[in-house]
Amino acid sequence: MTYNNNYSKEDILRIAKAENVRFIRLQFTDLMGSIKNVEIPLSQLEKALDNKMMFDGSSIEGYVRIEESDMYLYPDLDTWVIFPWVTESKVARLICDIYMPDGTPFAGDPRAILKNALKQAEEMGYTAMNVGPEPEFFLFKTDDKGNPTTELNDQGGYFDLAPMDLGENCRRDIVLTLEEMGFEIEASHHEVAPGQHEIDFKYADAIKAADQIQTFKLVVKTVARQHGLHATFMPKPLFGMNGSGMHCHQSLFKGDTNAFYDESDKLGLSTVARQYMAGVLRHARSFAAITNPTVNSYKRLVPGYEAPCYVAWSASNRSPMIRIPASRGLSTRVEVRNPDPAANPYLALAVMLAAGLDGIKNKMQLPPPTDRNIYVMTEEEREAEGIPSLPLNLKQALDELLRDDVVCDTLGEHALAHFYELKEIEWDMYRTQVHQWERDQYLSLY
């Protein structure tokens, strides 16, 4: 999705009329990462472009109380796009920032939280945080009522082609739809697990990257449904198979210069890159509740399924949490591998950036790289090398979150309180539920 269009209000009104757009979705993201929208007819578009479109914030998860419910949608004009899959009564989309009636940004808007983190980077002299996300997903068959099943639509493996990869046609249509919407697709392939797929798109600055992730999820689910399939970004839908990650490649720029590159360093990494990584590692256990926000997330972060569960880094080894891809120069970047696609991308990028900036501010020392396979190391060996584990479950992650002032301050009081409360409820529901595994284990035994 290229945001180089620099649309004006007049441009959008003209295009909407010329393209016979009938409805516009004013889109935003709630605290849990779900896409929400207010749909308006074309007659209300001018009002929306003047930032006068109001909605009830009390009905949105993690927003405001009923007695302070009026909120305003401020469209980002450069996010204007017409959905290519609607042929009759065309529908367009604008991504919005959320504002209070007094004209101030809403403190609980995830997009605003990321913008605040980027302001901190700017104050430190960094003009951009570039992000290349890799959200993976599964395709499942649906039943005769259109409800998702857990039956996979193929038995393909990594980079397989048809006939093993029966999701190939669906994936190709997803790519074509994304390209029509302005995405620059770099690769598309079957992932390791049967039914699992990955489509990589070109990096962008952090706000655009988060917008892209949300648009990507919407397109994948929509096109999959057209193929009679259900696409899910659930981190670990099936026991015994790889889960879905959302690796985030990231770098900081000063103008046209990549602040992470230093040609005189043997790994090509600058001091800034090393300090940034040190900060990410230091805060990793604390921001896990944001980057891995569901009970199910921690079923993915277990040894043996290519998902990182240990807080370490390497220039080549894929078992640690941070890996350094081989490209150098402008492409020098760090790949943080623990986030999953259930994460709210705005919040996930905000806390990772804040962690990295804290490392730079405090000149944190990066520990030595871990070039051994961490999965085969004993607990004693990991302790001796100072390699902690990521939290084992959502409850541990929530406890770690509250102990970290940097991560808490990045989220802000409003978002932190609402996020924590909602996730505490989720954990308690899971903790008190009786699962099929327990019945299988204990019903006959006791």
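Note that these values count all heavy atoms, side chains included, but never hydrogens, waters or copies made by symmetry.
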Quick one: does [X]'s side chain have a donor or acceptor within less than 3.5 Å of a partner on [Y]'s backbone?
X    : Y    : value
D340 : P235 : no
D262 : S270 : no
N258 : T332 : yes
E400 : F287 : no
W85  : V219 : no
R337 : A307 : no
T142 : G228 : yes
Y298 : N292 : yes
T432 : D428 : yes
T127 : F253 : yes

Discussion item. Restricting to ring-ring contact (aromatic ring centres under 6.0 Å, His included), what partner residues turn up for Y446, sequence neighbours left out?
Written reply: Y442
Worksheet entry | ring-ring contact (aromatic ring centres under 6.0 Å, His included) involving Y430 - partner list, sequence neighbours excluded | W427, H435
Between [atom1] of [X] and [atom2] of [Y], what distance do you get to the nearest 0.5 Å?
X    : Y    : atom1 : atom2 : result
N338 : C248 : CG    : SG    : 8.5 Å
E335 : S251 : CD    : OG    : 12.5 Å
F140 : E151 : CZ    : CD    : 10.5 Å
T291 : M321 : OG1   : CE    : 7.5 Å
L94  : N37  : CG    : CG    : 11.5 Å
I207 : T79  : CD1   : OG1   : 11.5 Å

Worksheet entry | Pairing residues for H230 by the side-chain hydrogen bond (donor to acceptor under 3.5 Å, both in side chains) criterion, not counting sequence neighbours | none
Worksheet item: Of all residues at least two apart in sequence or in a different chain, which pass the side-chain hydrogen bond (donor to acceptor under 3.5 Å, both in side chains) check with E122?
Response: none
Worksheet entry | Side-chain donor-acceptor pair present, E134, H249, cut-off under 3.5 Å | yes
Practice prompt. Using only heavy-atom distances, determine whether the side chains of T370 and E385 contain a donor-acceptor pair under 3.5 Å.
Written response: no
Show me the donor-acceptor pairs within less than 3.5 Å that the side chains of residues 345-363 make with the rest of the protein, sequence neighbours left out.
unit_1: Y346; atom_1: OH; unit_2: D211; atom_2: OD1; d: 2.5
unit_1: D358; atom_1: OD1; unit_2: N362; atom_2: ND2; d: 2.8
unit_1: D358; atom_1: OD2; unit_2: H283; atom_2: NE2; d: 2.7
unit_1: K361; atom_1: NZ; unit_2: Q120; atom_2: OE1; d: 3.4
unit_1: N362; atom_1: ND2; unit_2: D358; atom_2: O; d: 3.1

Ignoring hydrogens, what is the shortest heavy-atom contact between [X] and [Y]? Give both atom names and the distance.
X    : Y    : value
A343 : P293 : CA-CG, 3.7 Å
V311 : R285 : CG2-CG, 4.4 Å
F233 : P135 : CE2-CB, 4.4 Å
G195 : H197 : O-CD2, 3.3 Å
Q212 : A204 : OE1-CB, 3.8 Å
M241 : K236 : O-NZ, 2.5 Å

Fill in: Residues K395, D399: salt bridge by 4.0 Å N-O rule
yes
Worksheet item: Are E186 and K202 close enough for a salt bridge, meaning some N to O gap below 4.0 Å?
Response: no
May I ask you to check whether over 12 heavy atoms, not counting those of [X], lie within 6.0 Å of atom [atom1]?
X    : atom1 : value
E438 : CD    : yes
Y261 : OH    : yes
D256 : CG    : no
Q436 : CD    : yes
E413 : CD    : no

Minimum side-chain heavy-atom gap [X]-[Y] below 4.5 Å:
X    : Y    : result
F55  : K36  : no
Q196 : S244 : yes
F83  : T177 : no
E379 : R382 : yes
L176 : D173 : yes

Discussion item. Quick one, E39 with V91, criterion side-chain contact (heavy atoms from CB on, under 4.5 Å). Give me CA distance, side-chain angles, the key distance, then yes/no.
Written reply: CA-CA 9 Å; E39 188 165 272; V91 178; 4.2 Å; yes
Practice prompt. Kindly indicate, with the supporting measurements, whether the criterion side-chain contact (heavy atoms from CB on, under 4.5 Å) is fulfilled by I324 and L267.
Written response: CA-CA 9 Å; I324 311 300; L267 287 177; 5.9 Å; no
Worksheet item: Taking the inter-plane angle between the rings of F183 and F201 on a 0 to 90° scale, is it parallel (under 30°), tilted (30 to 60°) or perpendicular (over 60°)?
Response: perpendicular
Fill in: Full working for side-chain contact (heavy atoms from CB on, under 4.5 Å) between L218 and R93
CA-CA 12 Å; L218 183 65; R93 185 286 313 272; 5.7 Å; no
Worksheet entry | Option passing ring pair (Phe, Tyr, Trp, His ring centres under 6.0 Å) with Y99 (candidates Y74, Y72, F28) | Y74
Discussion item. The test is side-chain contact (heavy atoms from CB on, under 4.5 Å); show your working for F106 and H414 and say whether it passes.
Written reply: CA-CA 10 Å; F106 170 49; H414 179 101; 3.5 Å; yes
List, one per line, each side-chain donor-acceptor pair under 3.5 Å for residues 271-282, sequence neighbours excluded.
unit_1: R274; atom_1: NH2; unit_2: D265; atom_2: OD1; d: 3.2
unit_1: R274; atom_1: NH2; unit_2: D265; atom_2: OD2; d: 3.1
unit_1: Y276; atom_1: OH; unit_2: Q250; atom_2: OE1; d: 2.7

